[in-house]
Amino acid sequence: MTYKSEYLSTLEARGYIHQLTDADAIDTRAAKPGLVAYVGFDLTGPSLHIGHLMSIMMLRRLQQHGGKPIALMGGGTTKVGDPSGKDTQRQLLDQATIDANKASIKRVFERFLTFGDGPSDAIMADNADWLDHLNYIEFLRDYGRHFSVNRMLSMDSVKLRLERDQPLSFIEFNYMVLQSYDFVELNRRYGCVMQMGGSDQWGNITQGIDLGRRVAGAELYGLTTPLITNADGSKMGKTANGAVWLNREQLPDWDYWQFWRNVDDRDVGRFLRLFTDMPEPEIRRLEALEGAEINDAKIALANAATTLCRGAEAAAASEATARATFAEGGAGEALPSFAVAGALPLVDALVLTGLAASKGEARRKLAENAVKVDGEGVTDPVALVSAPARLSLGKKRHALLTQG
RNA sequence: GGAGGGGUGGCCGAGCGGUCAAUGGCAGCAGACUGUAAAUCUGCCGGGUUUUCCCUACGUUGGUUCAAAUCCAACCCCCUCCA
């Protein structure tokens, strides 16, 4: 499908579109300036992760094409819990945790979006502003009557739970009602006419569109992004230590850069389109590289993606460290570093630096010939090390011991 | 409220008195081969201890037993059907 609006053309060309509620209408609307669209984010953790990056990039693209993006913090809905894609209800968070998560998550948006009061400046909203003070009876009468339980039961988020004999509590069942209401509220407050999100949000989005039409006569739209998997079919964004966090406090710049540097060959072009602003001709050139040369494309991807999320300095420092560490066998300053006093058992040092999860694992790795100190293989389980030293576990994981 | 089924390591899923730190699969880590890739093969994969030892763990708490993930009791939670 070809679009006349720049926004949709770009989204289509770069692979962001999974489903649209009304492609022609959205295209027409997007062709005019000032399209207001939103994406909602749960505040279940102190940081968003790579899985959210698609949605964030959608908002960024919208702003690049003259639209007005709204990042909706789920301060209210997080207290309820989205059942989509989950087998069991998750732990409900207390207010203090939600507030802390929100403060932390906000920071990352400032890197991707420009906030302000101008026509295409981004807005950050929080649905706690309207959900916290709802009056139950009033809400049921004004909005609850527009929801068909029959229909809700048929939605994937609910149906899958029921089919698999998994529990679904009433509070979770209400999640989509509240999310639908968010859409209506954002339409009222900011003239927002489109909600975007991952493909698992389709049901929640269309419910909101229906509700908007029923209670406000508004014409609303929805757009979902595909679930991004790695070329090998696995879910994208998992590493040894869990999710790839966007916040530096949760994941150091070096690890963030390394994540992109290590993507599968087959994913390089796709990821450049989705997760960087690199122009198409340059992407074409890079993804055409073959053999060992594809590594240049991966470095370009790592630099561009890291620059966006962590800043140009973080990207440059990581690249320099990578070169020093891998190409020259030395050590770059962006490697994780730990201060120690005097000599200590190598086994303890491996645990301290996080290269091994336990002393037992450290001993096993020594026996497996996986440990190096300053590039020299060590297998002695009772060896000592003293700073300064560079510890390596395998070829990729390194840490520095410094005198302290 | 009644009847039945079920809760095992990150996940799935065996085990159903000792030989169980618990089969197998997935995920993960390391080694070989490479390009900090993929695929493949090999090893590892609760914690501690210089290792035929100790601790923790099979929903929770007690009990039976020389010995329990396995038997008994109570309780908690989930699912199904009935009321």
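Because the structure is predicted, anything quoted here is derived from the model rather than measured. Reckoned from all heavy atoms, side chains included, excluding hydrogens, waters and symmetry mates.
For the C1' atoms, the distance linking B/rG9 with B/rG46 amounts to 8 Å, nearest Å. Look at the C1' atom in both B/rC75 and B/rG7: the space between them is 14 Å, to the nearest Å. The gap from the P atom of B/rA39 to that of B/rC26 amounts to 13 Å, rounded to the nearest Å. Comparing the C1' positions of B/rA3 and B/rU8 gives an interatomic distance of 26 Å, to the nearest angstrom. Separation of the C1' atoms belonging to B/rC29 and B/rC45 is 7 Å when rounded to the nearest angstrom. For B/rA32 and B/rA37, the P atoms lie 12 Å apart once the distance is rounded to whole Å. Annotation: B/rA21 and B/rC54 have their P atoms spaced 11 Å apart (nearest Å). Between B/rC12 and B/rU23, the distance separating the two C1' atoms is 14 Å to the nearest Å.
The base-pairing partner of B/rU34, taking Watson-Crick or G-U wobble contacts with both distances under 3.5 Å, does not exist among the strands shown. Pair assignment for B/rG18 gives B/rC66, based on Watson-Crick or G-U wobble hydrogen-bonding distances that are each under 3.5 Å. Checking B/rC75 for Watson-Crick or G-U wobble geometry (two distances, each under 3.5 Å) identifies B/rG59 as its partner. Under the Watson-Crick or G-U wobble criterion, with both distances below 3.5 Å, B/rG1 is paired with B/rC82.
Between the CD atom of A/Glu361 and the C1' atom of B/rG48 there is a distance of 14 Å, rounded to whole Å. For the pair A/Arg266 CZ and B/rG35 P, the interatomic distance rounds to 18 Å; values are reported in whole Å. Put simply, CG on A/Leu366 is 13 Å from C1' on B/rC44, counting in whole angstrom units. One atom, NE2 of A/His398, and another, C1' of B/rU36, lie 8 Å apart when rounded to the nearest Å. Note: CZ (A/Phe259) to P (B/rG28) measures 13 Å, nearest angstrom. Between A/Arg363 atom CZ and B/rC45 atom C1' there is a gap of 16 Å when expressed in whole angstrom units. Atom pair A/Asp265:CG and B/rU36:C1' shows a separation of 11 Å (rounding to whole Å applied). One atom, CZ of A/Arg261, and another, P of B/rA37, lie 8 Å apart when rounded to the nearest Å.
Considering only heavy atoms from C-beta on, A/Pro69 stays 4.5 Å or farther from A/Met58 through its side chain. Contact check for A/Trp130 versus A/Arg189: side-chain heavy atoms found under the 4.5 Å cut-off. Looking at heavy atoms from C-beta onward, A/Thr225 lies out of side-chain contact with A/Leu274 at the 4.5 angstrom threshold.
For residues 295-315 of chain A, proximity to RNA chain B is found at A/Asn295, A/Lys298, defined as any non-hydrogen atom under 4.0 angstrom from a strand atom.
Residues A/Ser5 and A/Asp27 have side chains that bring a donor and an acceptor to within less than 3.5 angstrom of each other. In the model, A/Asn295 has a side-chain atom that pairs as donor or acceptor with a side-chain atom of A/Arg261 under 3.5 Å. Inspection of the A/Ser104 and A/Asn247 side chains reveals an N or O donor paired with an N or O acceptor under 3.5 Å.
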Exercise for review: Could you go through the side-chain contact (heavy atoms from CB on, under 4.5 Å) check for A/Leu186 and A/Gln195 one step at a time?
Suggested key: CA-CA 10 Å; A/Leu186 286 170; A/Gln195 180 179 178; over 6 Å; no

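Under a 4.0 Å N-O distance rule, the pair A/Lys106/A/Glu110 does not qualify as a salt bridge. Salt bridge status for A/Arg270 with A/Asp267: present, with a side-chain N to carboxylate O gap under 4.0 Å. Using a cutoff of 4.0 Å between basic side-chain nitrogens and carboxylate oxygens, A/Glu138 and A/Arg141 are not scored as salt-bridged.
Of the candidates B/rU36, B/rU49, B/rA38, the closest approach to any side-chain atom of A/Asp264 belongs to B/rA38. Of the candidate nucleotides B/rG35, B/rU49, B/rU36, B/rU36 has the atom lying nearest to any side-chain atom of A/Trp257. Ranking B/rA38, B/rC44, B/rU49 by closeness to the A/Arg364 side chain, first place goes to B/rC44.
For the pair A/Arg61 and A/Tyr16, the cation-pi criterion (under 6.0 Å, within 45° of the ring axis) is not fulfilled.
Summary of the strand contacts: A/Lys359 and A/Ala322 both lie near RNA chain B, and taking for each the nucleotide with the nearest heavy atom, the more 5' one is attributed to A/Ala322. Mapped onto RNA chain B by nearest heavy atom, A/Ala292 and A/Ala357 fall at different nucleotides, with A/Ala292 at the one closer to the 5' end.
An OP1 or OP2 oxygen of B/rG46 is reached within less than 4.0 angstrom by no side-chain nitrogen or oxygen of A/Ser358.
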Polar atom pairs between nucleotides 30-34 of chain B and protein, under 3.5 Å, N or O only, would you list them?
unit_1 : atom_1 : unit_2   : atom_2 : d
B/rA30 : O4'    : A/Lys365 : NZ     : 3.3
B/rU34 : O4     : A/Lys395 : NZ     : 2.0

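Within the 4.0 angstrom heavy-atom criterion, base atoms lie near A/Gln258.
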